Chemist: 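Please read through the structure below; I'll follow up with questions.
Keep in mind it's a predicted model, so treat the numbers as computed, not measured.
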Amino acid sequence: EQSEVQLWWGTLDRSMLTLFESITGGLSWDEAVRPLHHHVSPVMAYVFCAYIAFCLFAVLNVVAASAALKRSVSEPYPSQRRWNKK
């Protein structure tokens, strides 16, 4: 139905909100991608999925880097433990 396309993707503001809601869990990805696939173009559905994948991997990368940085600051290297016995 064309109204679904208008609902989720009708204006630039609404499209941005749909993208934000999709990555933050406020909207099911299927609800947002189905109108793109059926009424606009299947290619747009793939672009949407690539956007979601990119955002998820970016967040996972930041979380993993943060955890690694925290661990590296709190624990010395094994070679340093040998010399810094307390």
Side-chain angles (χ1 to χ4, degrees):
E1 192 174 296
Q2 195 67 18
S3 64
E4 281 187 324
V5 175
Q6 191 65 29
L7 174 66
W8 301 119
W9 307 101
T11 64
L12 179 61
D13 296 340
R14 183 59 223 186
S15 297
M16 290 171 52
L17 183 60
T18 299
L19 291 172
F20 177 74
E21 288 177 338
S22 296
I23 62 171
T24 58
L27 174 66
S28 171
W29 303 350
D30 188 50
E31 289 179 47
V33 79
R34 186 171 286 163
L36 288 178
H37 185 269
H38 292 298
H39 300 291
V40 179
S41 169
V43 173
M44 294 308 295
Y46 292 121
V47 170
F48 178 80
C49 291
Y51 166 78
I52 295 296
F54 174 78
C55 289
L56 287 176
F57 287 125
V59 167
L60 287 174
N61 190 20
V62 168
V63 169
S66 174
L69 182 62
K70 183 185 279 187
R71 185 172 181 202
S72 70
V73 169
S74 66
E75 293 182 14
Y77 288 109
S79 62
Q80 291 174 337
R81 284 188 213 145
R82 179 177 51 181
W83 301 107
N84 295 332
K85 292 182 181 179
K86 292 182 179 181

Chemist: Mind checking side-chain hydrogen bond (donor to acceptor under 3.5 Å, both in side chains) for E21 and listing every partner two or more places apart, or none if nothing turns up?
Modeler: R14

Chemist: If you look only at pairs with a residue in residues 41-55, which of them pass as a side chain to side chain donor-acceptor pair (under 3.5 Å), with sequence neighbours excluded?
Modeler: none

Chemist: Side chain of W9, backbone of A32: donor and acceptor closer than 3.5 Å?
Modeler: yes

Chemist: Sequence neighbours left out, what pairs pass salt bridge (charged side-chain N to carboxylate O under 4.0 Å, His left out) with at least one residue falling in residues 42-62?
Modeler: none

Chemist: Mind jotting down which residue pairs meet the salt bridge (charged side-chain N to carboxylate O under 4.0 Å, His left out) criterion with at least one end in residues 49-59? Sequence neighbours excluded, please.
Modeler: none

Chemist: For residues 50-69, which residue pairs qualify under salt bridge (charged side-chain N to carboxylate O under 4.0 Å, His left out), counting only residues two or more places apart or in two chains?
Modeler: none

Chemist: Scan residues 32-48 for pairs that pass salt bridge (charged side-chain N to carboxylate O under 4.0 Å, His left out), counting only residues two or more places apart or in two chains.
Modeler: D30-R34

Chemist: State the CD1-OG1 distance between I23 and T18, to the nearest 0.5 angstrom.
Modeler: 12.0 Å

Chemist: Any side-chain heavy-atom pair from I52 and S22 closer than 4.5 angstrom?
Modeler: yes

Chemist: When clusters are formed by joining ILVMFWY residues with side-chain heavy atoms under 4.5 Å apart, either directly or through shared neighbours, do L36 and F20 land in the same one?
Modeler: no

Chemist: With rounding to the nearest 0.5 angstrom, report the CG to CG distance, L27 to L19.
Modeler: 9.5 Å

Chemist: Can you tell me how far apart CG (L17) and OG1 (T11) are? Round to the nearest 0.5 Å.
Modeler: 9.0 Å

Chemist: If I take atom NE2 from residue H37 and atom CE from residue M44, how far apart are they, to the nearest 0.5 angstrom?
Modeler: 12.5 Å

Chemist: Quick one: SG on C49 to CZ on F54, what's the gap to the nearest 0.5 Å?
Modeler: 15.5 Å

